[in-house]
Amino acid sequence: MEIENTKDFQDFIVGQEISDEKAENIEQIIAAFSEYIVAVNPEYVYNKTYLRTYVEDFIKCQKALKLKYQILLNNILVKILAAGIERECIINIDDVWKVEKGKIILCNSINPYIVTRNKMQFELELIHENGFVIAEEINIDEEYENMLDVCISTFIERRKELLEDET
């Protein structure tokens with residue numbers, strides 16, 4: 001079983017907004033915390049300069065992950081749940097958000113380049129011995145909902161055909 005080491009990060013993404021004021025606080029907290037760690041543990045290898053270089057990317061990544069989480073909840077899961085097939089499929093967004101057996105997790109490895117683009121790598125996989133995957137890279141703009149609808153409808157139709165062929 002894969003260890004889930006992003007639980008706190010997932011909770012932060014889902015439950016927090018990073019305002020400009022909070023962004024400044026994050027940088028100050030990281031600097032202060034880094035100085036504290038160096039003061040109590042001289043073998044600490046990361047300094048505040050190194051950690052500060054990640055603040056801007058962290059903020060961008062958090063905002064993008066939150067947006068894609070909202071799309072997952074409001075536009076994808078709603079349709080999958082309405083079709084009653086949530087236990088039969090795996091949903092994957094950007095190889096970071098994954099829904100399997102009804103559980104949403106933030107994966108352990110994140111590629112910020114992929115996550116922060118104004119695109120979403122969307123996959124729906126049927127869990128079945130003859131399963132299949134519907135995959136599409138979708139631009140996140142006013143029209144992304146239509147593209148998601150097409151992917152989900154195609155998935156549902158292919159699933160139905162597959163199951164009918166087995167009887």
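Since this is a predicted model, take the numbers as computed values, not measurements.
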Requested in this report: Would you sort out whether Trp97 and Ile91 count as a side chain to side chain contact (heavy atoms under 4.5 Å, CB included), showing the intermediate values?
Outcome: CA-CA 8 Å; Trp97 286 117; Ile91 303 167; over 6 Å; no
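- Atom-to-atom distance recorded for Ile30:CD1 and Thr53:OG1 is 9.5 Å, nearest 0.5 angstrom.
- Side chains of Glu157 and Thr154 form no contact here, defined as non-hydrogen atoms less than 4.5 Å apart.
- Counting non-hydrogen atoms of neighbouring residues, nucleotides and ligands closer than 6.0 angstrom, the CD atom of Gln28 reaches no more than 12 such neighbours.
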Report task. Dump the intermediate steps for salt bridge (charged side-chain N to carboxylate O under 4.0 Å, His left out) on Glu17 and Lys63, then the final yes or no. Result -> CA-CA 8 Å; Glu17 289 290 329; Lys63 289 178 186 289; 5.1 Å; no
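- Under the 4.5 Å side-chain criterion, counting only non-hydrogen atoms from C-beta, Asp20 is not in contact with Glu24.
- Under a hydrophobic clustering in which Ile, Leu, Val, Met, Phe, Trp and Tyr are joined whenever their side-chain heavy atoms come within less than 4.5 Å, directly or via other members, Ile13 and Tyr54 fall into the same cluster.
- How far CG of Leu77 is from CD1 of Ile152: 9.0 Å, rounded to the nearest 0.5 Å.
- The distance from atom CG of Asn139 to atom CZ of Arg117, rounded to the nearest 0.5 Å, is 9.0 Å.
- The 12-atom threshold is not exceeded at OH of Tyr36, counting heavy atoms of other residues, nucleotides or ligands nearer than 6.0 Å.
- One distance of note links CG of Asn146 with CD of Glu143; it measures 5.0 Å at 0.5 Å rounding.
- We find the CD-CZ distance between Glu137 and Phe122 to be 13.5 Å, quoted to the nearest 0.5 Å.
- Checked options Ile26, Thr116, Asp57, Ile18; the residue passing with Gln62 is Ile18 (criterion: side chain to side chain contact (heavy atoms under 4.5 Å, CB included)).
- Residue Ile76 is not grouped with residue Ile127 when hydrophobic side chains (ILVMFWY) are merged at heavy-atom distances under 4.5 angstrom, including chains of intermediate members.
- For Lys22, the NZ atom sits in a packed shell: over 12 heavy atoms of surrounding residues, nucleotides or ligands are nearer than 6.0 Å.
- The heavy-atom pair separating Ala135 from Glu123 by the smallest distance is CB-CG, 3.9 Å.
- At a threshold of 4.5 Å between side-chain heavy atoms, the hydrophobic network of Ile, Leu, Val, Met, Phe, Trp and Tyr places Ile156 and Val150 in two separate groups.
- Here Leu126 contributes atom CG and Glu129 contributes atom CD; the two are 10.5 Å apart, rounded to the nearest 0.5 Å.
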Requested in this report: Test side chain to side chain contact (heavy atoms under 4.5 Å, CB included) on Tyr69 and Ile93 and set out the steps.
Outcome: CA-CA 9 Å; Tyr69 176 80; Ile93 296 177; over 6 Å; no
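- Lys98 has no carboxylate O lying under 4.0 Å from a charged side-chain N of Glu125, or vice versa, which leaves the two without a salt bridge.
- Val115 and Cys61 make their closest contact through CG1-SG, 3.8 Å (heavy atoms, listed as atom of the first residue, atom of the second, distance).
- Proximity of Val133 to Phe155: side-chain heavy atoms (C-beta onward) are nowhere separated by under 4.5 Å.
- More than 12 heavy atoms of other residues, nucleotides or ligands lie within 6.0 Å of CG in Asn41, so this atom counts as buried by the packing criterion.
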Report task. Run the numbers on Met120 and Leu148 for side chain to side chain contact (heavy atoms under 4.5 Å, CB included), then give the verdict. Result -> CA-CA 10 Å; Met120 177 173 56; Leu148 285 172; 3.9 Å; yes
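- For Glu56, the CD atom sits in a loose shell: 12 or fewer heavy atoms of surrounding residues, nucleotides or ligands are nearer than 6.0 Å.
- Tested against Glu88, the residues His128, Lys101, Arg159 include a single side chain to side chain donor-acceptor pair (under 3.5 Å) partner, Arg159.
- Using a 4.5 Å heavy-atom threshold, the side chains of Val96 and Ile114 count as separate.
- The shortest distance between side-chain heavy atoms of Val99 and Ile90 does not fall below 4.5 Å.
- When side chains are defined from C-beta on, Arg158 counts as touching Ile134, because their heavy atoms get closer than 4.5 Å.
- Taken together through direct or relayed side-chain contacts under 4.5 Å among Ile, Leu, Val, Met, Phe, Trp and Tyr, Leu65 and Val14 form part of one hydrophobic cluster.
- By the criterion of side-chain heavy atoms lying less than 4.5 angstrom apart, applied directly or through intervening Ile, Leu, Val, Met, Phe, Trp or Tyr residues, Ile29 is not grouped with Ile37; the two fall into different hydrophobic clusters.
- Between Glu136 and Cys151, the closest heavy-atom pair is CB-SG, 3.7 Å.
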Report task. Decide yes or no on side chain to side chain contact (heavy atoms under 4.5 Å, CB included) for Ile110 and Phe9, but give the supporting numbers first. Result -> CA-CA 11 Å; Ile110 297 171; Phe9 188 36; 3.5 Å; yes
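- Within the 4.5 Å cutoff, side-chain heavy atoms of Ile80 are placed close to those of Leu124.
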